[in-house]
Structures are given as C-alpha cells and as structure tokens.
Participant: 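Before I ask anything, let me first share the structure, which is written out below as structure tokens.
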2 protein chains.
Amino acid sequence: MTQRHTEACPIAHSLNIIGDRWTLLIVREAFGGISRFSDFHKRTGIAKNLLTDRLALLVQEGVFEKSDIGERGVRYAYHLTESGRALLPVMVALHMWGNENLFGDGEEPVLLVDRTTGEPIQSMAMLTSSGASVLPENIRRRPGPGAPALKTGD
Amino acid sequence: MTQRHTEACPIAHSLNIIGDRWTLLIVREAFGGISRFSDFHKRTGIAKNLLTDRLALLVQEGVFEKSDIGERGVRYAYHLTESGRALLPVMVALHMWGNENLFGDGEEPVLLVDRTTGEPIQSMAMLTSSGASVLPENIRRRPGPGAPALKTGD
DNA sequence: AATAGTGGTAGCAATTCGAAACTATATACT
DNA sequence: AGTATATAGTTTCGAATTGCTACCACTATT
C-alpha cells in the first residue's frame, strides 16, 4: 500500500484507507458480524492476496484489530475497533445513496430499518454540538486547528 | 471502466462508481464550486486520462452533467446533478470520520461548520420517516423489494 | 496415512495507473 | 499573418496493482 494523497484534507486521507473497490465491502461484512479471513474472502469475492494486504492496512490504521483465537491451528479474528465502528455513518450514507440513486424506489435490494420498530431509515441529518440540524446548503468548509500554515515567507 | 461488483447490494453498486482513490476528490471539488476539467485536474492532481475516464463514468451514471459553455474555444462545465448532490452525506460522513479518526481533536485540517451560526458540525443522525433518530446499534439490514429471489427450485 | 479447513504466500498474466508528450480548437497579441 | 496561450482532451509507454491459480504450514478429523 503506497500512500497516495498527502493533502491536508480529511477526505483525501480517508480515501487513502477506504478509497478502493474492496475495503468497504470488508467493513460491511464486519458490521454483519464476519470476523474471519476465509469468511471475508468467501463473502466478498476479493482475492486472498488483496485481502491480506487490505486487512494488514486496516489493522495498521486502527480500523480493525487482529486477535489470535487459539482454536484448532492458526486462527485469527478481525474485529472492528472503535474507529472502525465509527465508519457506520459512511456505510449508511453510501447505502442510502445507492438505494436512492442507483436502484430507485421499489427496487432496493437491501433496506436499512430500525430494529426496534421496523421503520426504514429515511435520511441522515447533520447536527451541531447544540443538536441543531444543519441544512446541506449551509455546510461550509473552514480551515481547522491543524490547517497547514499559509506560506508567509517567514 | 469495467463493472466489478455485481451483487445485489447498494454499497457494492455505489463502490462501482465512487469506489476508487480519486472520484470523491472530484466530487469534493464539485461541491466547492469547481466545474472545469482543468480545475479538477489542477486541484486534485489526478492524471488527465484518468480524469477523462472518471468524468465520463460519472456523467454516464448521472452524477455529473456535462454542458458545453460556448466560451472561447472548446469549453465544458461539469456540474453535479441532483444525484451527485445527494452524495453530500457521504462526503460529510467521510470528512468527519477522517477528522476524528485520522487527525484527532485539535489536529483537524478542515472543519465543517454551519454557515449561518459558525457552529461546527458534530455528528450525523439517522432518521426514520417519522423523524425518529435511530441508534447505530439498532440499524438492521433487511431484504428490500428489489431483493433477488431466493433459489427455490421453482 | 489421507483428507479437509484456515490463513496465508508465490508466481504470473492482465489490467490499470501515472507522467509526459502530443493534438485540436479558439482566442489574444504583435 | 504569425505567434503565443488556454482548454480539453488523446496517445504512448513504463510502472504498479489486481486477479487467478497453485502451493504451503499447521491442525483436526476420518
């Protein structure tokens, strides 16, 4: 895995980790309870050498943790870390986008529902710390505390 | 662009379109108001042949629309469609994940804020049609109306 | 001892990427 | 008219990545 994007942008950095054709499918399976190498392999169809590479990167980046479960020979389990579980909104957003924009109403192969009520998830909202919901058109990017200093000729 | 994932899963299908190292950077720029080929090229650093391919796919998939702006020679503008703008939650989720999990508190290079109040976006919530917020642990995947029929030996 | 399952490596062909050079069209400048 | 500049690509080609298939080491089962 060669690092690609070096800009100071969280999206670019995120893409260095999950920006490929397979990684989010692995994560999807992990959210579904899959934790074993061979199960990821079977359920996603990813080649084993790629799965090896991807899992190693994801472990290195703290998305998964690999544990040796001392069962019958060499056996490991890959579980999402806190950081990995924090990818849930990304997965949900992607899922909903796919349903709405690639399949369309009545054609969704998989729905997301509230386990407790059975109601389908319908939208995502962006909230400030005060709990206020922010409209898409009011979202703005702003330099953060870790923004690279502007070249000033210091 | 060869189609890769064929499973009946909205995430897999989404990844066929935006699951690569560059596409979401192009989309990011588009949200920032960029619409020209050369500007996407300059701002993201993507190779021109790849940019050509990606934009063509994105136009084909209805994420962008290409319009001929009759200005000084060959000039086109690529604008997000409704479907493209619907990627905003994906972008926001990815942005926030990167900030929290790859940079950390106080190191964020770019923050998302509410333009009207200046307050930072802090979280995303998943809502049902009734407006109820669903906790991450209560989200469940369920076969939808477009789910492929189970093999029944019909 | 032979067979099967897990978690990988190794080798290799095919595909894709990345950088640079080149093309085509139109405008602006001298 | 000739030259320079800008946009929006296309082409070329070497390098890197991907996708198979085969193989390996370890353990348990038959």
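It should be emphasised that the depicted structure is a prediction, and the values quoted were computed from it without experimental measurement. Throughout, protein chains are lettered first and strands after them, A, B, ... in sequence-line order, and every chain is numbered starting at 1.
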Participant: For residues 42-61 of chain A, pull every pair meeting ring pair (Phe, Tyr, Trp, His ring centres under 6.0 Å), keeping only residues two or more places apart or in separate chains.
Facilitator: none
Participant: From CG of B:N16 over to C1' of C:dT16, roughly how many Å is that when rounded to an integer?
Facilitator: 16 Å
Participant: For DNA chain C, what residues of residues 29-41 of chain A have any heavy atom nearer than 4.0 Å?
Facilitator: A:R36, A:F37, A:S38
Participant: Separation of A:R43 atom CZ from C:dG7 atom C1', in whole Å?
Facilitator: 18 Å
Participant: Please enumerate all residues that pass side chain to side chain contact (heavy atoms under 4.5 Å, CB included) together with B:A132, with sequence neighbours excluded.
Facilitator: B:T128, B:S130
Participant: Pairs under 3.5 angstrom only: tabulate donor-acceptor contacts from the side chains of residues 30-42 of chain B to other protein residues two or more places apart or in another chain.
Facilitator:
from, atom 1, to, atom 2, distance (Å)
B:R36, NE, B:Y76, O, 3.1
B:H41, ND1, B:I46, O, 2.8

Participant: Does OP1 or OP2 of D:dG9 have a side-chain N or O of B:Y78 closer than 4.0 Å?
Facilitator: yes
Participant: Let me know the distance between CG of B:D20 and C1' of D:dT18, rounded to the nearest Å.
Facilitator: 14 Å
Participant: OH of B:Y76 versus P of D:dT10: gap in Å, rounded?
Facilitator: 10 Å
Participant: Using a 6.0 Å cut-off, check whether atom CZ of A:R75 has over 12 heavy atoms from anything other than its own residue.
Facilitator: yes
Participant: In this structure, how many angstroms lie between the C1' atom of D:dA8 and the CG atom of B:D53, rounded?
Facilitator: 14 Å
Participant: Between the main-chain N or O of A:V27 and the side-chain N or O of A:E29, is there a donor-acceptor pair closer than 3.5 Å?
Facilitator: no
Participant: Are OP1 or OP2 of D:dA8 and a side-chain N or O of B:K42 less than 4.0 angstrom apart?
Facilitator: no
Participant: Take the protein atom CG of A:L55 and the nucleotide atom C1' of C:dG7, then report the distance between them rounded to whole Å.
Facilitator: 11 Å
Participant: Once salt bridge (charged side-chain N to carboxylate O under 4.0 Å, His left out) is applied, do any residues pair with A:D114, and if so which ones, sequence neighbours excluded?
Facilitator: none
Participant: Within less than 4.0 Å of OP1 or OP2 of C:dC17, is there a side-chain N or O belonging to B:R54?
Facilitator: yes
Participant: List the protein contact pattern of nucleotides 19-27 of chain D with one symbol per nucleotide (5' to 3'): B for base contact, S for sugar-phosphate-only contact, - for none; contact means a heavy-atom distance under 4.0 Å.
Facilitator: BB------S
Participant: Not counting sequence neighbours, list each pair that qualifies as a ring pair (Phe, Tyr, Trp, His ring centres under 6.0 Å) and has a residue in residues 84-105 of chain B.
Facilitator: A:H13-B:F103
Participant: Distance check needed: D:dT7 C1' versus B:K66 NZ, whole Å only.
Facilitator: 12 Å
Participant: Would you please name every residue forming a side chain to side chain donor-acceptor pair (under 3.5 Å) with B:R28, sequence neighbours left out?
Facilitator: A:E7
Participant: Is there any ring pair (Phe, Tyr, Trp, His ring centres under 6.0 Å) pair reaching into residues 112-138 of chain A, and which pairs are they, with sequence neighbours excluded?
Facilitator: none
